[in-house]
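A quick note: this is a predicted structure, and the numbers were derived from the prediction, not measured.
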Amino acid sequence: MKIKQMTLWQLKANLPAFLTFYGIVLALSVTLTIVFFSLSSAGGVGTFNFGAAAIGAFFLFVVGCSSFAENIHIAFANGVSRRTHFLSFLIFSVLASAVTAIFGVAADAVPSLSPATWVPLFSDGLGIQFLFFFALNMALMALGYFIAGAYYRMNKAARWIVSLCVPAALIVLAVFTVNAAGTPGQPLSSFAQVFIWMSSSLINAFLFWFIFAAVFFLFGWLVTRRAGVRQQQSAA
């Protein structure tokens with residue numbers, strides 16, 4: 001099984017989930033647009049933006065998490081190398097991120113058919129929004145894949161320790177970063193400036209998430225290189 005076949009298999013295996021997700025999100029976007037338009041016509045007050053593109057990013061994080069163990073087992077069973085498996089996932093990630101970004105931006109434009117009840121999420125053009133969500137989608141897919149790959153090699157005790165300690169550490173880091181953002185000279189003030197820079201424009205956010213994606217794809221490749229070693233050794 002080569003890269004093309006492995007990529008096509010991943011696309012085919014995930015197609016039902018993607019179509020179901022797209023259908024549900026589009027139906028909700030259209031339904032809420034009609035509801036808010038009806039309320040506005042009846043004298044009600046209310047505005048909304050569905051945020052389909054942001055929902056799509058978290059959906060791809062889940063896809064990334066589920067793409068490691070199942071796919072690596074299929075790859076080993078068919079004599080596919082770790083390199084081919086990872087490259088097929090990388091191609092799949094780019095395609096899924098692009099299509100989901102296009103869908104999300106388009107679905108978020110549906111409420112604009114009712115201008116009286118629509119509040120745009122971003123003031124930037126559709127092209128810039130696509131780039132931002134494309135990079136965000138890839139970043140979350142890469143993060144999910146890396147997390148699943150890291151868990152794949154851990155024993156049960158290590159999984160519990162990581163599951164408890166890492167989120168707690170991230171929460172503490174976030175609190176100190178927020179506090180340092182308004183106080184120059186604090187230990188994390190330089191770190192906080194990165195997030196201030198990122199939030200200043202969608203282009204900056206695109207660059208940040210694109211670099212983030214590249215870093216975690218690299219981490220994902222590192223865990224892929226070591227995947228299955230114990231199983232193969234025990235089988236031998």
Side-chain angles (χ1 to χ4, degrees), residues 1-26 51-78 80-108 126-153 166 198 202-228:
M1 187 182 288
K2 299 180 180 179
I3 293 178
K4 180 180 178 181
Q5 287 77 13
M6 191 68 185
T7 304
L8 291 175
W9 178 85
Q10 292 193 62
L11 290 171
K12 183 178 180 180
N14 287 282
L15 183 60
F18 275 84
L19 291 179
T20 301
F21 171 76
Y22 292 157
I24 292 173
V25 169
L26 183 60
I55 296 173
F58 287 102
F59 169 73
L60 289 185
F61 171 75
V62 176
V63 173
C65 289
S66 65
S67 293
F68 187 90
E70 180 182 358
N71 291 354
I72 203 74
H73 289 155
I74 294 294
F76 287 156
N78 289 274
V80 177
S81 67
R82 295 173 178 82
R83 176 179 174 274
T84 298
H85 158 72
F86 179 75
L87 289 177
S88 67
F89 170 74
L90 184 60
I91 295 171
F92 167 68
S93 299
V94 172
L95 294 174
S97 297
V99 173
T100 304
I102 293 172
F103 170 80
V105 172
D108 282 336
L126 296 181
I128 301 299
Q129 292 183 44
F130 163 75
L131 289 176
F132 166 69
F133 283 109
F134 172 63
L136 178 62
N137 290 344
M138 285 202 304
L140 292 184
M141 281 198 79
L143 177 61
Y145 181 89
F146 168 72
I147 291 174
Y151 270 61
Y152 184 79
R153 290 188 50 80
V166 172
M198 179 189 73
L202 279 188
I203 288 293
N204 292 350
F206 158 74
L207 293 174
F208 174 86
W209 288 116
F210 190 84
I211 295 172
F212 185 99
V215 170
F216 275 91
F217 275 129
L218 175 60
F219 290 164
W221 164 240
L222 295 178
V223 297
T224 301
R225 288 181 61 186
R226 301 291 296 173

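The side-chain heavy atoms of Leu90 and Trp221, taken from C-beta on, include no pair separated by under 4.5 Å. Lys2 is not listed as a side-chain neighbour of Thr84, based on a closest heavy-atom distance of 4.5 Å or more. No side-chain heavy atom of Met138 sits less than 4.5 Å from a side-chain heavy atom of Phe212. Thr100 has its side chain within reach of Tyr22: a pair of non-hydrogen atoms, C-beta onward, lies under 4.5 Å apart.
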Item to check | CA sep, side-chain torsions, deciding dist, call: Ile55, Phe59, side chain to side chain contact (heavy atoms under 4.5 Å, CB included) | outcome: CA-CA 6 Å; Ile55 296 173; Phe59 169 73; 5.6 Å; no
Can you list the steps and then say if Val215 with Phe146 is a side chain to side chain contact (heavy atoms under 4.5 Å, CB included)? CA-CA 10 Å; Val215 170; Phe146 168 72; over 6 Å; no
- Verdict with supporting geometry, Asn137 and Leu60, side chain to side chain contact (heavy atoms under 4.5 Å, CB included): CA-CA 6 Å; Asn137 290 344; Leu60 289 185; 3.4 Å; yes
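Contact record, His85 with Gln10: O-NE2, 4.1 Å, taken as the closest heavy-atom pair. Nearest heavy atom pair, residue Ser67 against residue Phe89, reads CB-CE1, 3.6 Å. Contact detail for Ala53 and Val105: the closest heavy-atom pair is CB-N, 4.1 Å. When all heavy atoms of Tyr145 and Phe68 are compared, the closest pair comes out as CZ-CD1, 3.4 Å. Annotation for Gly104 and Ala52: closest pair O-CB, 4.0 Å, computed over non-hydrogen atoms. When every heavy atom of Phe18 is checked against every heavy atom of Ala96, the shortest pair comes out as CZ-CB, 3.9 Å.
Aromatic rings from Phe134 and Phe206 are positioned such that their centres are separated by 6.0 Å or more. Ring centroids of Phe216 and Phe219 are separated by less than 6.0 Å, placing the two rings close together.
A distance of 9.5 Å separates CD1 of Ile147 from CG of Leu140, quoted to the nearest 0.5 Å. Note that the CG atom of Leu207 and the CG atom of Leu131 stand 9.5 Å from one another [nearest 0.5 Å]. Put simply, CH2 on Trp209 and CE on Met198 are 6.0 Å apart, with the number rounded to the nearest 0.5 Å. Interatomic distance, CD1 of Ile102 versus CZ of Phe130, reported as 5.0 Å (0.5 Å rounding). Within the model, atoms CZ of Arg225 and CZ of Phe86 stand 11.5 Å from one another, a figure rounded to the nearest 0.5 Å. The CG atom of Leu19 lies 11.0 Å from the CD1 atom of Ile24; values are rounded to the nearest 0.5 Å.
When atom types are taken as modelled, the side chain of Ser66 and the backbone of Val63 share a donor-acceptor pair closer than 3.5 angstrom. The closest donor-acceptor contact from the side chain of Ser97 to the backbone of Val94 lies at 3.5 Å or more, if one exists at all.
Annotation for Phe210: atom CZ does not count as buried by contact number, only 12 or fewer foreign heavy atoms lying within 6.0 Å.
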